[in-house]
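These notes are about the structure you will find just below.
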Amino acid sequence: MSRAAVALYVLGMVVVIVGADFLFLRGRFWERLAVNIAIVCVFGAFYLLVLRRR
């Protein structure tokens, strides 16, 4: 993957995290932390399993 594609992938991950924080998890620190870690793990697993092989 090119650097631009990786940058867009990371930007997409940030948008999902911030969107989930503002829409569902406002004022819940521990739940927000757990969900953010889970989102990063899902994006990382998807990258390693699918996108890295290209």
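Everything numeric here is computed off the predicted structure, so don't read it as measured data.
Linking ILVMFWY residues whenever their side-chain heavy atoms come closer than 4.5 Å, directly or via other members, places V40 and V16 in the same cluster. By the rule that hydrophobic residues join a cluster once side-chain heavy atoms approach within less than 4.5 Å of another member, L23 and V35 end up as members of one cluster. When hydrophobic clusters are built by joining Ile, Leu, Val, Met, Phe, Trp and Tyr residues whose side-chain heavy atoms come closer than 4.5 Å, directly or via intermediates, L49 is grouped together with V10. A chain of hydrophobic side-chain contacts below 4.5 Å, direct or via other Ile, Leu, Val, Met, Phe, Trp or Tyr residues, connects I17 to V6. Transitive grouping of hydrophobic side chains (ILVMFWY, heavy atoms separated by less than 4.5 Å) keeps V15 and M13 in distinct clusters.
To the nearest 0.5 Å, the span separating CG on D21 from CZ on R32 amounts to 5.0 Å.
Counting only residues at least two apart or in different chains, ring pair (Phe, Tyr, Trp, His ring centres under 6.0 Å) contacts with residues 19-45 comprise Y9-F43.
Residues I37 and C41 form a side-chain contact, since some pair of their non-hydrogen atoms from C-beta on lies under 4.5 Å apart.
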